[in-house]
Visitor: 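Structure provided below as structure tokens; questions to follow.
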Amino acid sequence: MATLKGLDGQLADPNSERTAFPTPDYARNEARARQEHPELLVVVGICTHLGCSPVDKFQTGAQPSLPDDWKGGFFCPCHGSTFDLAGRVFKNKPAPDNLEVPPYAYLSDARLLIGEDKKQG
Ligand code: FES
């Protein structure tokens, strides 16, 4: 999570303010996650460009198709969009928006409900 800090200038929508795929209020933070578990990211695995499936690229550093100072995140192999570990899209990429955060809620520490968030604000 420490890698999320300091990326804002490289991101198209660092504060999740765009509305095409509205981010729930409880995920409008740096980690784009509920405060109960900020270390757990819940996003829809569909690129906001043309709908391909971004893949995880958790290894840091230089590697094909990624910048030399890569800090880990997601890569869409279709047209090269890159996202940080919170699913925030980098600037000047084909994808116009961050990965979508669906409605979700923790029913307990070990149970996650995806698709509904009415039990928690
Ligand atoms: S579908 Fe992901 S970059 Fe085009």
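Remember, it's 1-based here, ligands and their atoms both numbered in the order they're listed.
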Visitor: Between W70 and K57 (side chain of the first, backbone of the second, donor and acceptor by atom type, cut-off under 3.5 Å), is there such a pair?
Guide: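 Pair found, side chain donor or acceptor close to backbone of K57.
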
Visitor: Does L41 reach the side chain of L85, with side-chain heavy atoms less than 4.5 Å apart?
Guide: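 Sidechains of L85 and L41: no contact.
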
Visitor: Should side-chain heavy atoms under 4.5 Å link Ile, Leu, Val, Met, Phe, Trp and Tyr, which residues sit in the same cluster as L50?
Guide: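 None, because no other hydrophobic side chain comes under 4.5 Å of this residue.
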
Visitor: Does the pair C76/C47 show an SG-SG distance of less than 2.5 angstrom?
Guide: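 Cystine link not detected, SG atoms outside the 2.5 Å cut.
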
Visitor: Centres of the F83 and F75 rings: under 6.0 Å?
Guide: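 No, too far apart.
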
Visitor: For A33 and L40, work out which heavy atoms get closest and say how close.
Guide: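 Where A33 meets L40 most closely, the heavy atoms are CB-O, 3.4 Å.
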
Visitor: Keeping to distances under 2.8 Å, can you name the protein N/O/S atoms close to atom 2 (Fe) of ligand 1?
Guide: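 Listed by chain and number: C47 SG, C76 SG.
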
